[in-house]
Structure formats: C-alpha cells, structure tokens
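Here's the structure, in structure tokens; my notes come after.
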Amino acid sequence: IGADILPSPGQLVFFTSEGMDIPSHVALSVGGDKVLSLWSGPPYGKNYVQETTISEIVEYMNRTVTVTIIDPPWADSN
C-alpha cells in the first residue's frame, strides 16, 4: 500500500486473497497503516482485537492479496 492511498481513521480495510470472490479478512483503520484486526481462534473460539498494520496482515496472509479501503456504510447516516 502506497502512502498516497492509506485509509483514514474509521474506514474499513478488506483483504481478499487471489482467486477468492469475497474478502478473507477485514480490519478497522485507526489511520495510516495502523488497523484494528478482529479475529477469533483458539483456545475455545475466543474473539480478539489486535492493533497491527496493513503491511503485517498482508505479510501474514502469505499470498497475493488485494486490499480494498471503503467508508463504512454508517458513515453517511446523518
């Protein structure tokens, strides 16, 4: 992700693996490359919130990933 397309705080960041039709991960931007990643896993299906970066998620996915940044649907609900 280039510095010219970094998300603003509150935007949603979707990560879609090559060959997939739907995103395999979504995170919430806190500005710049930083995001809050929401996921679940062992032990016992616990839910987690982790501050990380877009770059770290792409590296962790270990494959070609398309990153899509959008405004959340509730952003225009005034």
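All residue numbers in this chain count up from 1 along the given sequence. Source: prediction; values computed, not measured.
Here the shortest heavy-atom pairing between Pro72 and Gln11 reads CD-CA, 4.1 Å. Considering every non-hydrogen atom in both Met20 and Thr16, the closest pair reads O-CG2, 3.6 Å. Heavy atoms only, all atoms of each residue included: Leu12 and Leu28 are closest at CD2-CD1, 4.0 Å. Here the closest non-hydrogen pair linking Ser29 and Val13 is CB-CG2, 4.2 Å.
Judged purely by atom type and a 3.5 angstrom limit, Thr53 has no side-chain atom pairing as donor or acceptor with the backbone of Lys34. Checking side-chain atoms of Ser24 against main-chain N and O of Phe15 turns up a donor-acceptor pair under 3.5 Å.
Considering only heavy atoms from C-beta on, Pro9 stays 4.5 Å or farther from Val30 through its side chain. The shortest side-chain heavy-atom distance between Ile54 and Pro7 falls under the 4.5 Å cut-off. At least one side-chain heavy atom of Thr52 sits under 4.5 Å from a side-chain heavy atom of Ile57. Counting heavy atoms from C-beta on, the side chains of Val26 and Leu38 never come closer than 4.5 Å.
Below 30°, between 30° and 60°, or above 60°: for Tyr48 and Trp39 the angle between ring planes is below 30°, a parallel geometry.
Pairs of residues two or more places apart, or lying in two chains, never qualify as side-chain hydrogen bond (donor to acceptor under 3.5 Å, both in side chains) while including a residue from residues 59-68.
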